[in-house]
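For reference, the structure discussed in these notes is given below.
All values reported here derive from a predicted model rather than from experimental measurement. First the proteins, then the strands, lettered A, B, ... as listed; each starts at 1.
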Amino acid sequence: MIAALRSEVVKLATTRLWWVLALILIGYVGFTAALLAGLFGALGDQLSAQPNAPQLPPETIAPVVYSTVTAVGYVFPLILGTLAVTSEVRYQTLTPTFLAQPRRGRVLGAKLIVLGVTGALFGVIGLVASLGLGAPILAATGTDARLADSETWALAGRVVLAMALWAIIGVGVGSLIQNQVAAIVSVLAFTQFVEPVLRFGTSIWDWTAAVGRFLPGAASDALVGASIFTSFSGVGGTVRPLEWWQGGLVLLAVAAVVSVIGYVTAWRRDIT
Amino acid sequence: MSKHFGAVRAVSDVTFTVEPGRVTGFLGPNGAGKTTSLRMLLGLVRPTSGSATFGGTAYRDLARPLSTVGTALEASSFNPGRTARRHLAVYAAAAGIARSRIDEVLTLTGIAEAADRRVGGYSLGMRQRLGLAFALLGDPEVLVLDEPINGLDPEGIRWIRELLQHLAGEGRTVLVSSHLLSEVQQTVDRVVILSRGRIVHEGSLDDLEGAQRVLVNAQDRAALRAALLAAGLAVVDTDAGLAVPGTPADIGALAYRAGVALSLLQPERAGLEEVFLELVGSGEGAAA
């Protein structure tokens, strides 16, 4: 198993994919965090002066800025995990992979572990961007950056956990949908369109909201405990979002279900 | 072993043994089931029935697969973004093979100078050599090579022939597939010939050359043909007469019993390539 893990590490480290995605993640999260920090810092005073404007409690501003890592960046570890499997199918490297390690379950297990660790690394990289740009901008605009608050660092830990789980889900998705184009289109369509529509649609009634909070994106936001998408919605709703650990369990369950189905169906298929 | 893809019987009851110390050719036209058979051998394709073992152990159960069986299946199993050295490093790590061995096989296969270039820019010949480097990575006792000569230049072909014979000379077991007999004729000691998923010949090349034909003719050629067909012989029409497998004595006796007066009865030693094409000929008709 150690050998299978080492092989997966070498596989990731010897192609450009991981650091290209990490660079885009830094740029995207850094930009979003800086934008939100600047926006809230500048508008916070004006909003609170107007009784009719939606209220954003000042203590939620910093978490919303820092959680951009998962709120907008979770798709990066998801895609990395997916490509880690589908690129092997595309380039037919599953043949040498399974020749070197014929116990295919071990290969999948090693991929899940190595990509999980890499997803966590993506979380750390994303936090460097969101904290590194967000905190100074918040401080400069007179908003509490809450860097001394232990809850901020607990949130950072949950961000890392969420990013790890998304990478693991990606491996599961890749093992299930082995065609690279189909897998990437599915991931983007679900995360960028289907789920946002479902989350908005289910938030209308209480009974649908009770179901909608189990959507993976909603569960991820619940695990992290803050998100630009949840801070403004749910106003007046009686359905509480999931607890952070419940959100984590939902993500873990999604990862387990797609990986097991992928293993049983596509992963054990003939390699021709 | 047998393998059916739905209604298609890709491989039917293929059984053979490959001996150490010799180069065995696994021959047949494209689509005969060679690659499917090799992939079943290596646990990549699950047989519909039957099994294959290396010294009694199935590939999936080998403790150190790459150090027991070295495989080169096709010239395209590479991530084009990796260099040759890194490609080999991935599988050396998976198989617990020392990194120093990577340099050895790169030198052995003659691609050491290109080892740090991305594989995407490699020629087919260089990919074949990298495939062979992967096969040799674990210094295995058994080598399974699928069409390793494809895409090599004449110098490369001579090099691989010498390498394969050298490896067999060290007592290793070498199985080489090809769709051209002429490609491996000078290299192999034994052949297994596959056509339409079935073995049509297994043995030494001498056995194959020994296959005899008789050229026979008569004034009443139709009656002769009918007699030969009635005896279950495969009849090939030529300008000079009818070519049938067998000895002059057998065919002469057969014609005598049928009451056909012969105008020609001539033994003919068919060339190796001709015998091969005849053996697999029916397969080509199906492929077209």
Q | Evaluation steps, side chain to side chain contact (heavy atoms under 4.5 Å, CB included), between Leu99(A) and Tyr91(B) | A | CA-CA 9 Å; Leu99(A) 286 173; Tyr91(B) 306 105; over 6 Å; no
Q | Test side chain to side chain contact (heavy atoms under 4.5 Å, CB included) applied to Thr95(A) and Leu44(B), step by step | A | CA-CA 7 Å; Thr95(A) 293; Leu44(B) 295 168; 3.8 Å; yes
Q) Contact part of Arg82(B) toward chain A, heavy-atom cut-off under 4.5 Å: side chain, backbone, both or neither? A) both
**Q.** Heavy-atom proximity to chain B below 4.5 Å, by part of Arg104(A)
**A.** side chain
Q: Check the surroundings of atom CZ in Arg101(B): do more than 12 heavy atoms from other residues, nucleotides or ligands lie under 6.0 Å from it?
A: yes
Q: With the side chain counted from C-beta on, respond yes when Val10(A) and Arg86(B) share a heavy-atom pair under 4.5 Å apart, and no when they do not.
A: no
**Q.** side chain to side chain contact (heavy atoms under 4.5 Å, CB included) evaluation trace for Thr14(A) with Thr83(B)
**A.** CA-CA 8 Å; Thr14(A) 51; Thr83(B) 66; over 6 Å; no
Q: Give a yes or no on this: more than 12 heavy atoms of other residues, nucleotides or ligands lie within 6.0 Å of atom CZ of Arg103(A).
A: yes
Q) Is Asn79(B) close to Lys11(A) at the side-chain level, that is, under 4.5 Å between some pair of heavy atoms? A) no
Q) If we only count heavy atoms from C-beta on, is the Tyr91(A) to Ser77(B) side-chain gap below 4.5 Å? A) no
Report all side-chain donor-acceptor pairs from residues 15-28 of chain A shorter than 3.5 Å, counting only partners two or more places apart or in another chain.
none

Q.
Using only non-hydrogen atoms and a strict under-4.5 angstrom cutoff, which residues of residues 54-66 of chain B touch chain A?
A. Tyr59(B), Arg60(B), Asp61(B), Leu62(B), Pro65(B), Leu66(B)
**Q.** Between Pro96(A), Ala100(A), Ala13(A), the one whose heavy-atom pairs under 4.5 Å with chain B are most numerous
**A.** Pro96(A)
Q: Can you establish whether the number of heavy atoms outside Phe31(A) located under 6.0 Å from its atom CZ is more than 12?
A: no
Q. Given side chains that start at C-beta, do those of Val45(B) and Ile271(A) come closer than 4.5 Å, heavy atoms only?
A. no
(Q) Looking at every non-hydrogen atom in both residues, tell me the closest pair between Asp270(A) and Arg46(B) and how far apart they are. (A) OD1-N, 2.9 Å
(Q) Non-hydrogen contacts under 4.5 angstrom with chain A: give the residues of residues 10-20 of chain B involved, or none if there are none. (A) none
Q.
Below 4.5 Å, heavy-atom pairs only: which of Pro102(A), Ala4(A), Ser87(A) has the largest tally toward chain B?
A. Pro102(A)
(Q) Strictly less than 4.5 Å between heavy atoms, which residues of residues 130-138 of chain B line up against chain A? Please order them by number. (A) Phe134(B)
